[in-house]
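Some notes on the structure that comes next.
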Amino acid sequence: MRRLRIGMIGAGSHANRVHYPSLASIEEAEIAAICDMNRERLHKTAEKYGVKSRYVDYREMLEKEELDAVYVIMPPHHLYDIVVDCLRDGFNVFIEKPPGITTNQTRSLAWFAERYGCRTMVGFNRRFIPLMRLVKAMVEEKGRINQCVSAFYKNLYPEEPPYYRGAVDVLTSDVIHAVDTLRWMGGGEVRRVCSSVRSLFTEYPNSFNALVEFDGGVVGFLMSNWAAGSRIHTFEMHSKNASAFVNPDDKAIIYMDNKPEPRVVSTFEAAGGSKEFYKYYGFYDENRHFIECILKDEEPETCFSDAVKTMELVDQIYRNSIT
Ligand SMILES: NC(=O)c1ccc[n+]([C@@H]2O[C@H](COP(=O)([O-])OP(=O)(O)OC[C@H]3O[C@@H](n4cnc5c(N)ncnc54)[C@H](O)[C@@H]3O)[C@@H](O)[C@H]2O)c1
């Protein structure tokens, strides 16, 4: 069996919560080297995963290590130059969402990936949540999804603009998960968008609602509000004679053929019984997908050029606001 040698740039909180444990449990992957300019995080993470090759300068790591892929996991406004350096050196690259801070950055990254023949992936993990994939397949067995909903609510509206002290807006940084999942459920190119962008109790936009028409007449609804009661992140998928209501933190309720009793599937059951967050919330499966695509020389589902379309939909939501 071939094991891919992975270089990690970034040993911060999200990477430690989901990517290191995911990669450590994928047999075909080996965390071969770690780079973080924060020495404490570097050594703590490297000790935990038994990694000897440690760097504070990513260029040195790219030069010295034989790597099959590089993960660049850090705040989006720090990504761009590092990812371009990796791509120009011919490395396959995995990054977190958002894929840069503007559509132009994402488009340029996709250009470099194409030009230098690299496989790339953005961590839009909601698409890889085992419960979401299972339910989508069940609903699609009845026919094409004709209507879908992505809802994302939080209670997070500080006076100082988030995220990263206002470096990236709420929609691009976080609501983008719901936008990308809507595209995935809608299953086609975006035709038209009508939206409402509001600032609730803040001076920056924090509520984004949109009606999106996809090819084939599929209608998608985005509902989000960062001044809501709590974090609630749910989805709906409807096809002919099937309707699914999904809360990936908990369970899915699926109604079929006008029967009053739904089928109920828990998120842990869909993840093979695992209660590990990185497994039931899609991180393990997205990492697996990336590794498998490199081994098979295939384009990952959420490659940079696909991520451009999600960023374009973000732009359309801003552009087409009626409020
Ligand atoms: N998919 C999700 O649900 C989800 C959830 C949380 C965060 N994220 C994403 O994860 C990413 C990382 O967020 P985080 O909060 O873990 O960040 P973080 O700040 O905790 O970690 C980033 C790490 O990168 C290191 N770093 C920064 N620049 C570097 C450089 N030039 N060279 C070497 N090391 C460098 C920092 O020292 C830090 O340790 C963000 O893009 C965020 O949007 C995704």
Side-chain angles (χ1 to χ4, degrees), residues 14-15 18-19 72-80 83 93-110 120-129 132 148-154 156-157 161-187 189-190 193 195-199 202 204-212 214 220-228 231-235 246 248 281-283 286 300-321:
H14 184 62
V18 302
H19 294 300
V72 189
I73 310 294
M74 64 187 57
H77 54 303
H78 295 147
L79 271 182
Y80 188 78
V83 177
V93 175
F94 183 104
I95 60 173
E96 260 300 334
K97 61 79 213 170
I101 53 173
T102 61
T103 307
N104 186 66
Q105 283 198 349
T106 315
R107 210 175 275 124
S108 301
L109 292 179
T120 56
M121 182 160 171
V122 179
F124 284 125
N125 63 297
R126 275 47 164 188
R127 296 193 195 193
F128 294 90
I129 291 173
M132 290 289 280
C148 50
V149 179
S150 261
F152 203 176
Y153 300 103
K154 281 193 180 175
L156 182 74
Y157 56 107
Y163 283 61
Y164 312 104
R165 300 185 297 174
V168 196
D169 58 284
V170 175
L171 176 59
T172 308
S173 190
D174 209 357
V175 179
I176 195 167
H177 275 303
V179 174
D180 182 72
T181 315
L182 198 69
R183 273 194 58 231
W184 177 65
M185 295 185 294
E189 300 298 320
V190 171
V193 178
S195 62
S196 156
V197 175
R198 296 176 301 162
S199 304
T202 57
Y204 54 85
N206 62 357
S207 174
F208 310 87
N209 292 290
L211 175 62
V212 180
F214 295 95
F221 297 89
L222 170 76
M223 302 191 291
S224 71
N225 180 337
W226 255 219
R231 182 189 184 278
I232 304 154
H233 193 15
T234 57
F235 304 89
V246 193
Y281 220 66
F283 299 102
E286 73 179 359
E301 241 179 70
T302 55
C303 62
F304 289 177
S305 59
D306 184 75
V308 170
K309 295 181 185 180
T310 296
M311 290 292 274
E312 283 172 347
L313 182 49
V314 163
D315 292 341
Q316 280 174 283
I317 291 166
Y318 275 119
R319 237 184 359 250
N320 295 300
S321 178

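Values in this document were obtained by computation on a predicted structure and should not be read as measured data.
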Measure up the F152 and H233 rings against each other and bin them: parallel (under 30°), tilted (30 to 60°), perpendicular (over 60°). parallel

Nearest non-hydrogen partners of V179 and L171, listed with the distance: CG2-CD1, 3.9 Å

Checking the side chain of S196 only, and the main-chain atoms of N209 only, is there a donor and an acceptor separated by less than 3.5 Å? no

Under a 4.5 Å cut-off applied to non-hydrogen side-chain atoms, are L222 and V212 in contact? no

Given side chains that start at C-beta, do those of M132 and V246 come closer than 4.5 Å, heavy atoms only? yes

Considering non-hydrogen atoms only, spot the tightest contact between S224 and V175 and give its length. OG-CG1, 3.6 Å

Closest heavy-atom contact between K154 and Y163? NZ-OH, 4.2 Å

Any donor and acceptor pair, going by atom type alone, linking the side chain of S207 with main-chain N or O of N225 inside 3.5 Å? no

Answer with yes or no after comparing the ring centroid distance for Y164 and H78 against a 6.0 Å cut-off, counting only values under it. no

Could you tell me which non-hydrogen atom of E286 sits nearest to which non-hydrogen atom of M121, and how far apart they are? O-CE, 3.4 Å

For a 4.5 angstrom cut-off between non-hydrogen side-chain atoms, does F124 reach P99? yes

Flag side-chain contact, heavy atom, 4.5 Å: Y204 against V170: yes

Are F128 and T302 close enough that some pair of their side-chain heavy atoms sits under 4.5 Å apart? yes

Do the non-hydrogen side-chain atoms of F221 and L211 ever get within less than 4.5 Å of each other? yes

I'd like to check T102 versus R107 (side-chain heavy atoms, cut-off strictly below 4.5 Å). Are they in contact? no

Ion pair R127/D180, N-O distance below 4.0 Å: yes

Evaluate I176 against M311 for side-chain contact (heavy atoms from CB on, under 4.5 Å), listing each step before the verdict. CA-CA 8 Å; I176 195 167; M311 290 292 274; 3.7 Å; yes

Close side-chain approach of T120 and L109, heavy atoms under 4.5 Å: no

Taking every heavy atom of S150 against every heavy atom of M185, the minimum-distance pair comes out as OG-CE, 3.7 Å

Can you classify the ring geometry of F208 versus Y318 as parallel (below 30°), tilted (30 to 60°) or perpendicular (above 60°)? perpendicular

